[in-house]
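Below is one structure; the comments refer to it alone.
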There are 2 protein chains.
Amino acid sequence: MLLSKACIYGIRASLYMAAMHEQKRQFVPIREVSDSLDLSFHFLTKILQQLTAAKLMESYKGPKGGIALTRKPKEIMLIEIVAAIDGNGLFTECVLGLPGCGHKKACPLHDKWAYTREAIQIMFNSTSLEEMASKGKRMNLRLSDTLSMEDLITSS
Amino acid sequence: MLLSKACIYGIRASLYMAAMHEQKRQFVPIREVSDSLDLSFHFLTKILQQLTAAKLMESYKGPKGGIALTRKPKEIMLIEIVAAIDGNGLFTECVLGLPGCGHKKACPLHDKWAYTREAIQIMFNSTSLEEMASKGKRMNLRLSDTLSMEDLITSS
DNA sequence: ATATTAAAAGACAATTAAGTCTTAAATAGG
DNA sequence: CCTATTTAAGACTTAATTGTCTTTTAATAT
């Protein structure tokens, strides 16, 4: 699996927040996000803490509290979310985990992998939350079994 | 992590077998492989059973027994090893694990990911054991802390 | 102040991946 | 036939990931 579940959930939650951003909503309770996306509230909380630690989101306690993106969805790239949760081993490490592989000595797959992993990196690096959210809206993406992006953005 | 450890170990063992093939050795004891590569014998045994189940290797019990590649290293592509151990979810599944994503409804990353995952697939699909082994020999690849490909092929 | 809301922190449980150990089955050689 | 060698099969342990639950801390509103 390319991304951990934690990372995937973090991305989905970020997408939800991007949709909320279009509605000018600021702090959204984690409970609302977890209910909407059908994710474990506590597990999501821990994941979002990683995103706030990485300054991608900020949080506010108490009534009217919740989480919010710190920047506009257009300015947040997917790679930032991936790196915050899964780290950037995917973009730096040897595919074969070979002891000799690295800067100096390359493994037999090194060159091909360097190329491929750059393609992966570019994919995450060139995709913003805004782009995903608008695509999701156009294509009526399902964020959970009961919730679609279109519901989310065109309603309310 | 792109590949599981089991898959990585399976690839390393296959590389070792490719090197043995150049020396016209047929059945090589798993114990020799695990010792040489500094891997757990029993764990490696289970991994190799997956490769024999996939007809990439064959095994022989008893004295003079061991494992052997069923085809020439030139004819065995890396993707076969990956598929035998990790399956081909990497080449078929949605990156975001989104419920709506698939043939009909695509997720916001679908097009980019379809392209990227094809790059990954092509990488594994176009690399043979022979190619890796000869590159490994040229570059004196280390298969473990104490063993290099060059030792392996030029010696004995 | 007090009660309520909501995130933070951390203990705990379940699941999966990774690794170990024991026993059984097959084969070669004496 | 007997023993040594080697894979096969499966139970078991450990570690990492995933997921749940409880308590604490901070903010709001009354």
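Below, chains carry the letters A, B, ... as their sequence lines are ordered, and counting in each starts from 1.
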Given atom [atom1] of [X] and atom [atom2] of [N], what is their separation to the nearest angstrom?
| X | N | atom1 | atom2 | answer |
| --- | --- | --- | --- | --- |
| B:Ile30 | D:dT5 | CD1 | P | 16 Å |
| A:Arg31 | C:dA7 | CZ | P | 9 Å |
| B:Glu32 | D:dT7 | CD | C1' | 15 Å |
| A:Gln49 | C:dG10 | CD | C1' | 10 Å |
| A:Ile85 | D:dT17 | CD1 | P | 14 Å |
| B:Met57 | D:dA8 | CE | P | 12 Å |
| B:Gln26 | D:dT7 | CD | P | 15 Å |
| B:Ile47 | C:dA17 | CD1 | P | 13 Å |

If you look only at pairs with a residue in residues 13-28 of chain A, which of them pass as a salt bridge (charged side-chain N to carboxylate O under 4.0 Å, His left out), with sequence neighbours excluded?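 Those involving residues 13-28 of chain A are A:Arg25-A:Glu32.
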
Could you give all pairs that pass the salt bridge (charged side-chain N to carboxylate O under 4.0 Å, His left out) test and reach residues 1-15 of chain B, with sequence neighbours left out? none

With a 4.0 Å limit, can you tell me whether B:Thr52 has a side-chain N or O closer than that to the phosphate oxygens OP1/OP2 of D:dT7?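 B:Thr52 to D:dT7 OP1/OP2: no side-chain N or O under 4.0 Å.
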
Ignoring backbone atoms, test whether A:Thr45 places a side-chain nitrogen or oxygen under 4.0 Å from the OP1 or OP2 oxygen of C:dA8. no

Protein within reach of the bases, or only the backbone? For nucleotides 18-30 of chain C, mark each nucleotide 5' to 3' as B, S or -, using heavy atoms under 4.0 Å. SBBBB--BBBB--

Can you list every side-chain hydrogen bond (donor to acceptor under 3.5 Å, both in side chains) pair that touches residues 85-97 of chain B, not counting sequence neighbours?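 Counting only pairs at least two positions apart or across chains, the side-chain hydrogen bond (donor to acceptor under 3.5 Å, both in side chains) contacts touching residues 85-97 of chain B are B:Ser4-B:Asp86.
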
Checking B:Lys72 now: which residues fulfil side-chain contact (heavy atoms from CB on, under 4.5 Å) with it, not counting sequence neighbours? B:His21, B:Glu75

Please enumerate all protein N or O atoms sitting under 3.5 Å from an N or O of nucleotides 13-16 of chain C, with distances to 0.1 Å.
none

I'd like to check the salt bridge (charged side-chain N to carboxylate O under 4.0 Å, His left out) partners of A:Glu80; sequence neighbours left out, ordered by chain and number. A:Arg71

Check salt bridge (charged side-chain N to carboxylate O under 4.0 Å, His left out) between B:Arg138 and all other residues, then give those that pass, not counting sequence neighbours. none

Considering residues at least two apart in sequence or located in another chain, which fulfil the side chain to side chain donor-acceptor pair (under 3.5 Å) criterion with B:Ser134? none

Donor-acceptor pair, B:Glu118 side chain versus B:Trp113 backbone, under 3.5 Å? no

Can you tell me how far the CE atom of B:Met149 sits from the CG atom of B:Leu141, to the nearest 0.5 Å? 6.5 Å

Atom pairs and distances, side-chain donor-acceptor, residues 44-69 of chain B, under 3.5 Å, sequence neighbours left out:
residue, atom, partner, partner atom, Å
B:Thr45, OG1, B:Phe41, O, 2.8
B:Thr52, OG1, B:Leu48, O, 3.4
B:Thr52, OG1, B:Gln49, O, 2.9

Considering every strand and a 4.0 Å limit on heavy-atom distances, what is the contact class for B:Leu48: base, sugar-phosphate, or nothing? nothing

What pairs of residues pass the ring pair (Phe, Tyr, Trp, His ring centres under 6.0 Å) test when at least one of them lies in residues 124-146 of chain A, not counting sequence neighbours? none

Rounding to 10°, can you tell me the angle the first-five-pair axis of the helix from C:dA1-D:dT30 to C:dG30-D:dC1 makes with its last-five-pair axis?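 Inter-axis angle at the ends, rounded: 0°.
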
